[in-house]
Structure formats: structure tokens, C-alpha cells
There are 2 protein chains.
Amino acid sequence: MREPTFLILTALADEARHGYGLITEVSRLSEGRVALKPGTLYGALDRLADEGLVARDREEVVDGRLRRYYRITPDGERALRAETDRMRRHVAAATAKLGPIGGATQAGVSFA
Amino acid sequence: MREPTFLILTALADEARHGYGLITEVSRLSEGRVALKPGTLYGALDRLADEGLVARDREEVVDGRLRRYYRITPDGERALRAETDRMRRHVAAATAKLGPIGGATQAGVSFA
DNA sequence: CACTATATCTTGATCACCAAGATATGGTGG
DNA sequence: CCACCATATCTTGGTGATCAAGATATAGTG
């Protein structure tokens, strides 16, 4: 699972959202670092719906504009939990290997 | 940065390794979940070398077989640290949204 | 009156990755 | 002694998620 997909599932984890709402929530979640493109978003939603990880929710019309909501499914939540655990282990492995401050000093002899 | 690339940099973070050694170390790091394919590995090493994140190290011949070693560069270590931080934040965000045990119970009213 | 924000979706291209195989040496089991 | 597995390199062809860009439409703002 790649970063945009992970963040889409994360954004849906606590409540149903519509496409544009996902773009803003993913941007907020990632502190502005991930700007979801429409091509990525709608492609991912279709794919995730096919896989049963998200489902269409209600539709609303607000100010003459359609809002099409999506929600995460139980399978989607399981997938997100599994992916989160996977990432957590990778973070732990990398952190252990990198050492506290880094640089060649740590790996070699040093503080003689 | 995707999972195989992240694990290659992680495997190189503490010591220089050759291609086949990376395959076994990445498998060990990921507890058997990531089996690096040669196509992925050598493609990634070439790309990372072009980007200056890894560099060719020494070469050895052991039992008539060539071992070509790669090491992580300072830029590579910086990139790995940045990526690790990024993942750590995403894990934290997902964990917060998912809640302790999960299910619709947590999101809604419950424990009345 | 132009621009920005909100809202949907499509199309074409890229690129990391995967699957599979080619090539070669050395050790092991039958 | 021969097949097979582990070690070790690299190539080729395909897939698929993502990106870049644009099409379409309404409502609010300067």
C-alpha cells in the first residue's frame, strides 16, 4: 500500500467523507506534505471499492454541488491496522539501525 | 519512497552489504514478509546510486563468486531519517484515528 | 469580470516494482 | 556422478498506482 492510499484510508477511519473533503483532510493529516491529485484520489477510491476496503455512503447536494461520500468498511479497517503495524515495525527497525544521532561516529569506534 | 527501497536503505544503514546479502537482510528485517526480487534490487541500487543515496563500495571474490558491496551515503542517511519520520507521523495519525480496539462502537456514542 | 474555492471525473505518461529467466560457481544428497 | 540447492550477478517484459494536466460546473470574492 502506497502513501496516498494509506492516507485516504486513514482519513476515512473516523468518519465518512466526500472526495474533496478527502483532499483537504489528507493535506491536513500530512501537514501539507501530501497534495492528493484528483486522478490519484478517484482512481484509488474506485480500486478500494472494488477490493471492498471502502464503500459508497450517502450523497448530498450542498449549494448546488454534489457531494459523494465514502466510508471505510470492516475489511478496510483491518487492512489499515495491518499496514500501520507493518510500518511501525519498519520504523522501529530503521530507528535501531540509524542510531541516536547518526554519522560515521556511531557506527565505528568513537568516544575513546 | 516505497517499501523495498526503504528496506534497502535500512539494511545499509549500519554496514555495507552486497546484493545477495541485501536480499537476506531485508527478508530478516521484515520478518520474511518482503522477498526482494533481483529486478527490484538492482534497479533500486542503480537508481539510488544515480540519486547519490548509496555508493559503490569495495568488491570481493569469495569462493570464485563476485561480491559487489554498496554503502549508504550521508545524503542516503538523511533521506532515510526523513522517510522514517514521515512514516512515524503517519503511523501516529492512523493510530489516533483508529482508536484502541476499533469498530463502530468507538466512533459513535457507546459505553452509555 | 476575473479569479479562487468547491466539487466531480477523465486521459496520458511515468516509474518503481514484480515475475521470470539467463548466467555462473560451489556444496550437498542420493 | 549427477541433480539440486544456495550463492551471486544482471536483464527483460509487463503491471499498476501515482502524477500531471485538463474538462466541467457552481458559488463566492476582489
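Just so it is clear, the structure is predicted and the values come from calculations on it, not from any experiment. In the text below, chain A, chain B and the rest are named by the order of the sequence lines, each starting its count at 1.
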Between [atom2] on [N] and [atom1] on [X], what's the gap in Å once rounded to a whole number?
| X | N | atom1 | atom2 | value |
| --- | --- | --- | --- | --- |
| A:Leu36 | D:dC19 | CG | C1' | 11 Å |
| B:Phe6 | C:dC17 | CZ | C1' | 17 Å |
| B:Asp50 | C:dA16 | CG | C1' | 14 Å |
| B:Leu22 | D:dA6 | CG | P | 19 Å |
| B:Glu60 | D:dT7 | CD | P | 16 Å |
| B:Arg58 | D:dA8 | CZ | P | 13 Å |
| B:Asp63 | D:dA8 | CG | P | 8 Å |
| B:Arg47 | C:dC17 | CZ | C1' | 9 Å |

Inset, instruction - Tell me, please, which residues at least two apart from B:Thr24 pass side-chain contact (heavy atoms from CB on, under 4.5 Å). - result: B:Tyr20
Inset, instruction - Can you sort out the partners of A:Val61 under side-chain contact (heavy atoms from CB on, under 4.5 Å), two or more places apart, ordered by chain and number? - result: A:Leu66
Taking only distance into account, with no hydrogens and no angle test, what donor-acceptor pairs under 3.5 Å do side-chain atoms of residues 35-42 of chain A form with protein atoms, sequence neighbours excluded?
residue: A:Lys37; atom: NZ; partner: A:Ala35; partner atom: O; Å: 2.8

Legend entry - Residue pairs fulfilling salt bridge (Lys or Arg N to Asp or Glu O under 4.0 Å) with at least one residue in residues 87-99 of chain A, sequence neighbours excluded: A:Asp85-A:Arg88, A:Lys97-B:Asp14, A:Lys97-B:Glu25
Legend entry - Qualifying salt bridge (Lys or Arg N to Asp or Glu O under 4.0 Å) pairs, either residue in residues 44-54 of chain A, two or more places apart: none
Legend entry - N/O (side chain, B:Arg2) to phosphate O (OP1/OP2, D:dT18) under 4.0 Å: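 No.
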Legend entry - Contact under 4.0 Å: B:Thr5 side-chain N or O vs C:dC17 OP1/OP2: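 Result: yes.
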Legend entry - Expected output: side-chain B:Arg71 to main-chain B:Glu15 donor-acceptor under 3.5 Å: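 Such a contact is absent between B:Arg71 side chain and B:Glu15 backbone.
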Legend entry - Under 4.0 Å protein heavy-atom contact, by nucleotide of nucleotides 3-13 of chain C - B base, S sugar-phosphate only: --BBBBBBB--
